[in-house]
Amino acid sequence: MKNMLSNKFIAIGGAIIVFMILVAVFAPLLTAYDYGMVDLPNKQQVPNKNHIMGTDLYGRDVWCRIAYGARVSLFVSFAAVAIAIFFGSILGIIAGYLKGVVDFTLSRIIDIMMAFPPLLLSLIIGVSLGTSIRNMCISIGVPLIPMFFRVARGVTLSIGERTYVMAAKSMGSGSIKIMIKHILPNVLPQIFVVLSLGMGGAILAEASLGFLGLGIPQPTPSWGLIVNEGKLFMFSAPWTTGFSGAFIALTVLGFNLLGDGLRDYLDPKLKNLEGQS
Amino acid sequence: MSSQEDLILQIQNLKVRFPMKNQSFVHAVNGIDLNLYKGDSLGVVGESGCGKSVTFSGVMRLIESPPAVIEGKIIFNNQDLMKLSPAEMQKIRGKDITMIFQEPMTSLNPVMRIGYQIMETLLVHENISKKAASARALELLELVEIPDAAGRLWSYPHQLSGGLRQRVMIAMALACRPKILLADEPTTALDVTIQAQVLDLLKRLQEETDMSIVMITHDLGVIADVAKRVAVFYAGRIVEKASTREIFKNPLHPYTVGLLNCIPTIETNTPRLQAVEGNIPDAADFPPGCPFHPRCEKATDICHREEPLKTTPSKNHQVACHHI
Amino acid sequence: MKRYILSRILFAIPTIIGVFILVFFIVRLIPGDPAVTMLGSNATNEQIERYREQHGHDKPIAVQFGIAFKNFLKGDMGQSLSWYRPVREVIFEKLPRTAELAFFGILFGTLAALLLGVTAAVHRGRWPDLLLTAFASLGMSLPTFYIGLWVLVIFAMKLKIIPVISSFGSGVSYWQSLFGPVLTMALGECALITRTTRSSMLEILNEDFIRTARSKGLSEKIVLYKHALGNALIPIVTVVGYSLATAFGGAIVLETVFARNGIGKLLIDGINVRDYPLIQGTTIVIAILMVLINIITDIIYGLVDPRIRVGENK
Ligand SMILES: Nc1ncnc2c1ncn2[C@@H]1O[C@H](COP(=O)(O)OP(=O)(O)OP(=O)(O)O)[C@@H](O)[C@H]1O
Ligand SMILES: [Mg+2]
């Protein structure tokens, strides 16, 4: 663990993420306001003593909304990544373990998903399911499945031929048991690395959907929603979108750094997956 | 032949060290003095890691410095190469002094046609047209005896075998009719039969021109075949230097004696020298005194304390040992 | 090489069919009724029935799919509900706007990235490298719309050299209309490509043939940009291709930020008015473009690397 923290990227990225999680957890303690409290006389105030990040169109405290927004955005992103990990790694392990027709079919389906720019896929799934927090998790999670599928499949293929797996097979262990007992423990560390990069992608997706006005609906403040509410006043009152965008960027940076660091730390070979999916 | 006018390259007290993470240094080269004459063929032998490649990469100024620390003088054409600007050095490198390397498989650019890689040398150093350069490249391929040279001129490196690639490297090194060719283990990576062919080629080319050649090798057989003079390297120093005949007839340094006792015969063909019991000392941490003393049978007290000076027991024979 | 290209194309066909199936069914899930959207909420039941019959919406979904797919193969993507024109016509009218944005954005982004990536690699571990690596990490973390909004604030509001609405005409030149979105896309894409260039260059600079190039007396510029970058380009091609392919997705956000009339904005407008045929058509076209660009990338990859282009002589 100490060793791990000596990696600059892990240390800095980890610190940023811990900070964001603390903000999300302690949001009520960090602000004196209610995120929904409308205060029209004080609308669009420049950042000042009472409102360190100013107020929005309805006089709501921007910092308060960002802090509560951390809860929604982090939760949605995490749920989305969890969905992607669940389906991606199960299908990936199955494809890599059974090979043949199953692998071919699953890989073609993943190819189809990868034929869409991730945001586009999120967008049409989101629109067709209707916007709710649960549906947002699904629509952000689905485009992330290929990323986990490929890692899980790759690792499974590379260890499927190892002697202990072969031995377990010849001793008559069932396929499911082998996959859970022997393959999953090898897949998980790699998934962990990609998880961090996936979280960055999910935060960005939530923000972009929010910006397009197709994200998590009112009244719950998510970072995407806050960005969207402020975007029309970018010239006159840039702080709403300015600060919420900065929080989004910082969080994504944290996850990216953490992911890069973990990748170097756990397995330099995984570098080859950079830039794909 | 070793008259002063014929002197073409002088290496004076060359030292190279590489910094390591924990503030210490790898002392790769520790005060090399060496002269090279016109038409000379100098053999350089020594175990792996004794600083042969670093010394001659240093002559070419191919060592990135910093981080490396390089001291000493390298005098060529009355100028100290160490003091030249990068641009001035570029005019000498590849033209007057050229080098071929140990790894023919990876020493050519994989995305450029070999003909072009040869032409490139000609085009930077000589004022000739592309057409003339490509004609000359073809001549060079023929000179190094590449079969079907015209057909291979526009091949990519991956289409050629290791022996052919090394011939291309030689062609490239000869392109501008250099005064000095530094051949750093040009045959180590090749099959035995190919090794002999490449050596014959180098020998013939050297005899036909007045080029001087430095042949770096592990293999005393190669030295006997190609070199007129020999320098024996140990731990970044020259421990013995003499004519090839003298070395084989009358080796003085215990290390040289050890080397000669285990010349690989055709049957055993040990490719790497394992001259004497023990390992070469770690270049990061030399023992005090004579660097060879931990492995030397003759070692006495003084060898543990003092580094031996060079002595000249006979004309053209130099050795650094307390027991001469 | 011919077989290589052919196999790429053959593999793409099932993907494109899959894309069509996926989009068809996802779009069918979108809540709301096209007939109501089309005829307005005070249409009579009778009118709605007639509309459904005319458009085949009363048939089983499998039949509807069959008809749609057959039409798609003929290049007919239906009638836009909001433009009252064939979807295909509308898309092809807007596509050039997006294509030029993607092209210039990736072009400038790549050129800058090559320069920055080589610089970082040459100075590895020293301040230019640290600075550029930090820049690249930051660039990869900034949402596109966020960069875009600040570009608008700086160039449209403060400097007033570009319009707030980037559709040309009415006093806005072609290049002015492109400047904002292209700059934004270039900045965003530059980050990833810079990183790839740097790591690829670092690997290549350790290769033996770089030492050979130096030993020939070539200038450092030629060694770096011709010998090293020439080899480093091989992995870079893949990343640039990937960036270009996803740029059509990124255009959705960018065209919204800059109010630029490309297919990205067309899609968002279509979503907002529930124009199903248009949503379906735009999505499929973007996905097919992505597949095609990926094929072209693979082919270029093969062309840059002679080890793939011309096999062994044996
Ligand atoms: N760039 C470098 N950084 C650090 N140490 C180096 C570097 N280059 C060489 N060395 C060290 O310098 C010493 C001499 O290396 P050199 O390559 O000259 O040996 P050599 O005699 O050519 O051996 P070989 O026969 O294996 O080619 C070795 O200990 C090597 O580890
Ligand atoms: Mg060497």
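Every chain is numbered from 1 and lettered A, B, ... according to where its sequence line falls, protein lines coming before strand lines.
- For chain B, no part of C:I210 is nearby; none of its heavy atoms comes within less than 4.5 Å.
- Taking chain C as the reference chain and counting heavy-atom pairs below 4.5 Å, the highest number among B:L182, B:N109, B:T121 is found for B:N109.
- Interface check for chain C: of the options B:P157, B:C176, B:P110, the most heavy-atom pairs under 4.5 Å are formed by B:P110.
- Within the 4.5 angstrom heavy-atom criterion, only side-chain atoms of C:I222, from C-beta onward, approach chain B.
- Using a 4.0 Å cut-off between charged nitrogen and carboxylate oxygen, B:R136 and B:E139 count as a salt-bridge pair.
- No hydrogens or angles considered: nothing links the side chains of C:T212 and C:D208 as a donor-acceptor pair under 3.5 Å.
- The candidate with the highest count of non-hydrogen atom pairs below 4.5 Å against chain B, out of C:H227, C:E207, C:E220, is C:H227.
- Neither side chain, B:T217 nor B:E185, offers a donor N or O lying under 3.5 Å from an acceptor on the other.
- Proximity to chain C (any heavy atom under 4.5 Å) is restricted, for B:R113, to the side chain, taken from C-beta onward.
- Using a cutoff of 4.0 Å between basic side-chain nitrogens and carboxylate oxygens, B:K91 and B:D96 are not scored as salt-bridged.
- Across B:S107, B:P86, B:G94, the residue that shares the most heavy-atom pairs under 4.5 angstrom with chain C is B:S107.
- Heavy atoms of other residues, nucleotides or ligands lying less than 6.0 angstrom from CG of B:N127 number 12 at most.
- Residues B:M112 and C:K226 are in side-chain contact: their nearest non-hydrogen atoms beyond the backbone lie under 4.5 Å apart.
- Between the side chains of B:R152 and B:Q159, no donor-acceptor pair is found at a separation under 3.5 Å.
- Contacts with chain C were tallied for B:M172, B:M105, B:K95; B:M172 has the most, counting heavy-atom pairs under 4.5 Å.
- Both the backbone and the side chain of B:V111 come within contact range of chain C, each with at least one heavy atom under 4.5 Å from a heavy atom of that chain.
- Heavy atoms closer than 4.5 Å to chain C are found in the side chain of B:M169, but not in its backbone.
- In summary, of the residues considered (C:I288, C:L292, C:N294, C:I293), a side-chain contact (heavy atoms from CB on, under 4.5 Å) with C:M290 occurs for C:N294 alone.
- Looking at B:L62, the atoms closer than 4.5 Å to chain C (heavy atoms on both sides) all sit in the side chain, from C-beta outward.
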